S.K.: 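One structure, as structure tokens, below. Some questions next.
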Amino acid sequence: MSFFADLAYQFIDGEWRAGSGSWDIIDFNPYDQEKLASITVAGVDQVDAAYRAAERAQRDWALRNPYERRQVTERLLRLIEEHEDEIVEALVLELGGTRIKAEYEVRLAKEFVREAIQLALRPQGRILPSPVDGKENRVYTRPVGVIGVVSPFNFPFLISMKSVAPALALGNAVVIKPNQNTPITGGGLIAKLFQDAGLPAGLLNVLITDIAEIGDALIEHPVPRVISFAGSDKVGRHVASVSAGHFKRVVLELSGNSALIVMDDADVDYAVDAAVFSRFVYQGQVCMAANRVLLDRAVEAEFTEKFVAKVAALRTGDPRDPRTQIGPLINNFQAEALTSLVDRAIAEGATALLRGRTEGNLVEPSVLAGLPADSALHGQELFGPVALLVPFDGEDEAVRIANDTQYGLSGAVHTANVERGARIAQRIETGMVHVNDGTVHDEPQVAFGGEKFSGIGRLNGESTVEAFTTQKWVSIQHGRTSFPL
């Protein structure tokens, strides 16, 4: 399966089409700047064409036997397994992530497809009693119709698939707009896999475009009833505002500022391993990454010494090299912005226990300590390989610091007493907390989502069914109702 050249098109109503927009997106390898593809963006006319095709196709799809929908998803899984090595290679090239990261993404995506296979048969109707004599209440679970999916660059294959596969299995149609940094692995590749799996034309469409070309047409269009968006909280707020104005449901997975808390009784060596992974997996470009590592003063010195030594040993370089652990950031803008944030932190009084160099898109890890408590950087998402070490005295202060942010996506607590960890986890204002583990986790059956500015709604398992279906009440009067008028 050849990816970049063959899939560098819009996919609308089962056809690969050139974009109708006025400029091209250039898809670069973030490590060596090799040009992978050039794609003319979709115009507003193609947004309408994609949604109208989805609307037409969905009517019949919703009436299909759910076992038939399940068969398409089963074939999809087999295709992913057959082409797994090629998909991994494409992710390494387009994202600049290491092979280990790409393999993890594909492995987890397969688990979500397996869950989607089961979800095809999950919606069930109910018969409910009525206080009215002779009346029967039936509640049907129906697909919502058409869903717009906007996916990010950091896990494009996984995050697109975790909305697209269950949405289709549940009887919906989908229009994907992948991030312009990952148009193939987040969009075209997924369309090709579903096409080869036998999905009828029109049910899945891919629009590679940008707000500079289409404005808010993707959200304002009258056809989609749900918008599933993953990305920054800044863009997410806009998506939520526009969607609300058009009475659309939203599922938003947004930015994070997770804290990994190391208590005084923690296994320090294990906590170091968890913190290094949680902060530096995929160069720290993960919404669930541990931006802040909170350390009880009883373990601060030991943890800091071991953590800095482990981070200093991480190898930065070509993500295609199996020895590489830190690859490039997604583009030069992100690399320069992160470097400026480190400079700002040091100017504000932080100490650089480890200061990485920036060469092009490669940003070596940095570890900062002593950042003044009033610095705005404590509450900001650092989307890259920079760790903040923050000491605390006791459980209450740890919870206060962890909650002192506008975000609330993930978190972790390390302690020898798991019930103590669970108690602390209950006090942290996030959608997810992991005791004696890392902050970066996603599982197909467990509700995934954030609090505060980290998002609205949940996905995975039953949460996905709720997000992508609606309920219809049909009452049947077997006798005769006595009307007062």
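Computed from a prediction, not measured in an experiment: that's the story for all the values here. The first residue of the sequence shown is numbered 1, and numbering continues consecutively from there.
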S.K.: Below 4.0 angstrom, N of the basic side chain to O of the carboxylate: do Arg292 and Glu381 qualify?
M.R.: no
S.K.: Closer than 4.0 angstrom, basic N to acidic O: yes or no for Glu105 and Lys101?
M.R.: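 Judged by the 4.0 Å cut-off on N to carboxylate O distance, Glu105 and Lys101 do form a salt bridge.
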S.K.: Looking at Arg458 and Glu466, is there a salt bridge between them, counting it only when a charged N and a carboxylate O are closer than 4.0 Å?
M.R.: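 A salt bridge is absent here (no side-chain N lies under 4.0 Å from a carboxylate O).
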S.K.: Can you list every side-chain hydrogen bond (donor to acceptor under 3.5 Å, both in side chains) pair that touches residues 242-252, not counting sequence neighbours?
M.R.: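 Not a single pair qualifies under side-chain hydrogen bond (donor to acceptor under 3.5 Å, both in side chains).
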S.K.: Taking atom types as modelled and ignoring hydrogens, do the side chains of Ser22 and Glu213 form a donor-acceptor contact shorter than 3.5 angstrom?
M.R.: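 Result is yes, a qualifying pair exists.
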S.K.: Tell me, please, which residues at least two apart from Trp23 pass ring-ring contact (aromatic ring centres under 6.0 Å, His included).
M.R.: none
S.K.: Who pairs with Asp321 by side-chain hydrogen bond (donor to acceptor under 3.5 Å, both in side chains), at least two apart in sequence or on another chain?
M.R.: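 Expected list: Arg323.
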S.K.: I would like to know whether Arg320 and Asp32 meet salt bridge (charged side-chain N to carboxylate O under 4.0 Å, His left out); could you show each step before the answer?
M.R.: CA-CA 11 Å; Arg320 291 168 292 192; Asp32 59 12; 3.1 Å; yes
S.K.: Not counting sequence neighbours, which residues clear ring-ring contact (aromatic ring centres under 6.0 Å, His included) with His238? List them please.
M.R.: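 So His238 forms no ring-ring contact (aromatic ring centres under 6.0 Å, His included) with any residue.
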S.K.: Within the 3.5 Å criterion, strictly below it, is a donor on Ser258 or Ser410 matched to an acceptor on the partner's side chain?
M.R.: no
S.K.: Please identify each residue that fulfils side chain to side chain contact (heavy atoms under 4.5 Å, CB included) with Asn181, with sequence neighbours left out.
M.R.: Phe153, Asn179, Ile330, Asn331
S.K.: Is any side-chain N of the basic residue among Arg78 and Glu81 closer than 4.0 Å to the acidic one's carboxylate O?
M.R.: no
S.K.: In terms of ring plane angle, is the pair His221 and Tyr51 parallel, tilted or perpendicular, where the classes change at 30° and 60°?
M.R.: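 Correct class here is tilted.
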S.K.: Angle between ring planes, Tyr270 versus His414, binned at 30° and 60°: parallel, tilted or perpendicular?
M.R.: tilted
S.K.: Could you pull out all residues at least two apart from Ala173 that satisfy side chain to side chain contact (heavy atoms under 4.5 Å, CB included)?
M.R.: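 Only Ala54, Gln58, Val146, Leu203 meet the side chain to side chain contact (heavy atoms under 4.5 Å, CB included) criterion with Ala173.
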S.K.: Could you list the residues that satisfy side-chain hydrogen bond (donor to acceptor under 3.5 Å, both in side chains) with Glu253, not counting sequence neighbours?
M.R.: none
S.K.: The criterion is ring-ring contact (aromatic ring centres under 6.0 Å, His included); which residues satisfy it with Tyr140, sequence neighbours excluded?
M.R.: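 With sequence neighbours excluded, Tyr140 shows a ring-ring contact (aromatic ring centres under 6.0 Å, His included) to no residue whatsoever.
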S.K.: Is NZ or CZ of Lys234 both nearer than 6.0 Å to the six-membered ring centre of Phe453 and within 45° of the ring axis?
M.R.: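 Output no; distance or angle outside limits.
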S.K.: Side chains of Ile184 and Ile39: does their closest heavy-atom pair fall under 4.5 Å?
M.R.: yes
S.K.: Suppose we screen for side chain to side chain contact (heavy atoms under 4.5 Å, CB included). Which residues come up paired with Arg427, at least two apart in sequence or across chains?
M.R.: Glu395, Asp396, Val399
S.K.: Testing the 3.5 Å rule here: is there a donor-acceptor pair between the side chains of Thr185 and Glu94?
M.R.: yes
S.K.: Within the 3.5 Å criterion, strictly below it, is a donor on Arg225 or Asn172 matched to an acceptor on the partner's side chain?
M.R.: no
S.K.: Is it true that Lys310 and Asp269 make a salt bridge, defined as a side-chain N closer than 4.0 Å to a carboxylate O?
M.R.: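 No, no charged N to carboxylate O under 4.0 Å.
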S.K.: Do Glu364 and Thr316 have side-chain atoms, one donor and one acceptor, less than 3.5 Å apart?
M.R.: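 Thr316 and Glu364 do not have a side-chain donor-acceptor pair below 3.5 Å.
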S.K.: Can a side-chain donor-acceptor contact be found between Asp24 and Thr40 if the only test is distance below 3.5 angstrom?
M.R.: yes
S.K.: Let me check something: any side-chain donor-acceptor pairs from residues 117-127 under 3.5 Å, sequence neighbours excluded? List them with distances.
M.R.:
from	atom 1	to	atom 2	distance (Å)
Arg122	NH1	Glu462	OE2	2.7
Arg122	NH2	Glu115	OE2	3.2

S.K.: So does Arg52 pair up with Asp13, basic N to acidic O under 4.0 Å?
M.R.: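 No, no charged N to carboxylate O under 4.0 Å.
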S.K.: Applying side chain to side chain contact (heavy atoms under 4.5 Å, CB included), name anything that partners Val418, two or more places apart in sequence or on another chain.
M.R.: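 In terms of side chain to side chain contact (heavy atoms under 4.5 Å, CB included), with neighbours along the sequence ignored, Val418 is linked to Asn436.
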S.K.: Just to verify, which of Arg69, Glu68, Arg64 counts as forming a side-chain contact (heavy atoms from CB on, under 4.5 Å) with Pro66?
M.R.: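 Running side-chain contact (heavy atoms from CB on, under 4.5 Å) over Arg69, Glu68, Arg64 with Pro66 returns exactly one hit, Arg69.
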S.K.: Checking Arg70 now: which residues fulfil side-chain hydrogen bond (donor to acceptor under 3.5 Å, both in side chains) with it, not counting sequence neighbours?
M.R.: none
S.K.: So Arg75 and Asp196, salt bridge (charged side-chain N to carboxylate O under 4.0 Å, His left out) or not? Walk me through it.
M.R.: CA-CA 8 Å; Arg75 289 194 293 269; Asp196 291 350; over 6 Å; no
